[in-house]
Amino acid sequence: MSTAKGGNGADGTPPAGGKGGGAKGQRSRAGSGGASGARPQARTGAPAVPPGGAAPLTAGRIGVYVLLLLAGVLVACAGTLVQAAWFPGGLVLALCGVGGLFYGGAAATGTPAGVLLPGAAWLVTVFLLLSQVRPEGDFLFGPGAGSYVFLLGGILIAVICATATQRRMMGVQAGRVGG
């Protein structure tokens, strides 16, 4: 360590960080980790959690996402058949199944992807695969308002569950606005 006046370096320059040395060339603690003098943590083999608290993508998490995709397809098929068969009870049962899937996906993963993946699978299955009219005239959705309530209600439930999951991740507390 050099005792040259005006800094800690051999040529009299201040140390890195632009702060001059203290009395008799001693380093100040102001630029080295705060007043607590906390040392930076050693790196471990575990992946760092990205900002925003997103969980790392592991094999188990990928497996859960694949199961949620398959469950989205199954719930879409079952809901499409049930909602018109036992109207209005079938419609309520189908929407409860959709809500249970989306809320369960959010609770199981703790991320918005737990809602978005089964929601996307449900949406693609219902709108693109099941709502097509076959050349023979077969159609899985019955005529009437119940089919539209099922389609729009499922989308609305997905948006509500995704928003609630996002609020929970951000730590937003429910309460009055402005006070």
Side-chain angles (χ1 to χ4, degrees), residues 40-179:
Q41 295 182 356
R43 295 189 181 250
T44 60
V49 176
L57 195 59
T58 62
R61 188 170 295 273
I62 292 171
V64 169
Y65 288 151
V66 169
L67 288 175
L68 286 172
L69 282 169
L70 294 174
V73 171
L74 291 175
V75 168
C77 292
T80 300
L81 296 173
V82 168
Q83 61 90 19
W86 304 312
F87 188 79
L91 176 63
V92 172
L93 182 64
L95 288 175
C96 285
V98 168
L101 171 67
F102 296 157
Y103 181 77
T109 62
T111 62
V115 178
L116 297 176
L117 287 174
W122 182 87
L123 192 69
V124 167
T125 303
V126 168
F127 278 100
L128 296 180
L129 302 177
L130 299 177
S131 64
Q132 300 297 320
V133 178
R134 295 180 46 194
E136 297 87 18
D138 295 339
F139 189 61
L140 285 177
F141 287 103
S147 298
Y148 295 108
V149 171
F150 175 66
L151 295 172
L152 297 176
I155 294 170
L156 182 64
I157 290 170
V159 169
I160 289 170
C161 288
T163 304
T165 303
Q166 189 69 26
R167 286 177 51 112
R168 184 175 33 214
M169 283 182 56
M170 292 174 54
V172 175
Q173 299 291 327
R176 292 187 338 182
V177 175

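Sequence positions, counted from 1, serve as the residue numbers for this chain.
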Could you pull out the closest heavy-atom pair between Leu116 and Ala162, with the gap in Å?
CD2-CB, 4.3 Å
Rounded distance [0.5 Å steps], CG in Leu117 versus CG in Leu70:
11.5 Å
Just to verify, what does Phe87 make a side-chain contact (heavy atoms from CB on, under 4.5 Å) with, not counting sequence neighbours?
Leu91
Atom of Ala71, atom of Leu101 and distance for their closest heavy-atom approach:
CB-CD1, 3.6 Å
Mind listing the closest non-hydrogen atom pair of Val159 and Thr163 along with its distance?
O-OG1, 2.8 Å
Going by the rule side-chain contact (heavy atoms from CB on, under 4.5 Å), which residues pair with Ala121 if we only count those two or more places apart in sequence or in a different chain?
Leu69, Val73
Ala94: side-chain contact (heavy atoms from CB on, under 4.5 Å) partners, not counting sequence neighbours
Gln83, Phe150
Could you give the distance from CG (Leu152) to OG (Ser147), rounded to the nearest 0.5 Å?
10.5 Å
Hey, does Leu95 have a side-chain heavy atom less than 4.5 Å from the side chain of Val149?
yes
Within-4.5 Å side-chain heavy-atom neighbours: Leu57 and Tyr65:
yes
Looking only at heavy atoms, what is the nearest atom pair of Thr109 and Arg61, with distance?
O-NH1, 3.2 Å
In short, Val115 meets Ala158 closest at the heavy-atom pair CG1-O, 3.5 Å
Would you name the heavy atoms of Ile157 and Gly99 that are closest together and state the gap between them?
CG2-CA, 3.5 Å
In chain order, what residues pass the side-chain contact (heavy atoms from CB on, under 4.5 Å) check against Leu123, with sequence neighbours excluded?
Phe127, Ile155
Determine whether Val64 and Leu68 make a side-chain contact, defined as any pair of heavy atoms from C-beta on separated by less than 4.5 Å.
yes
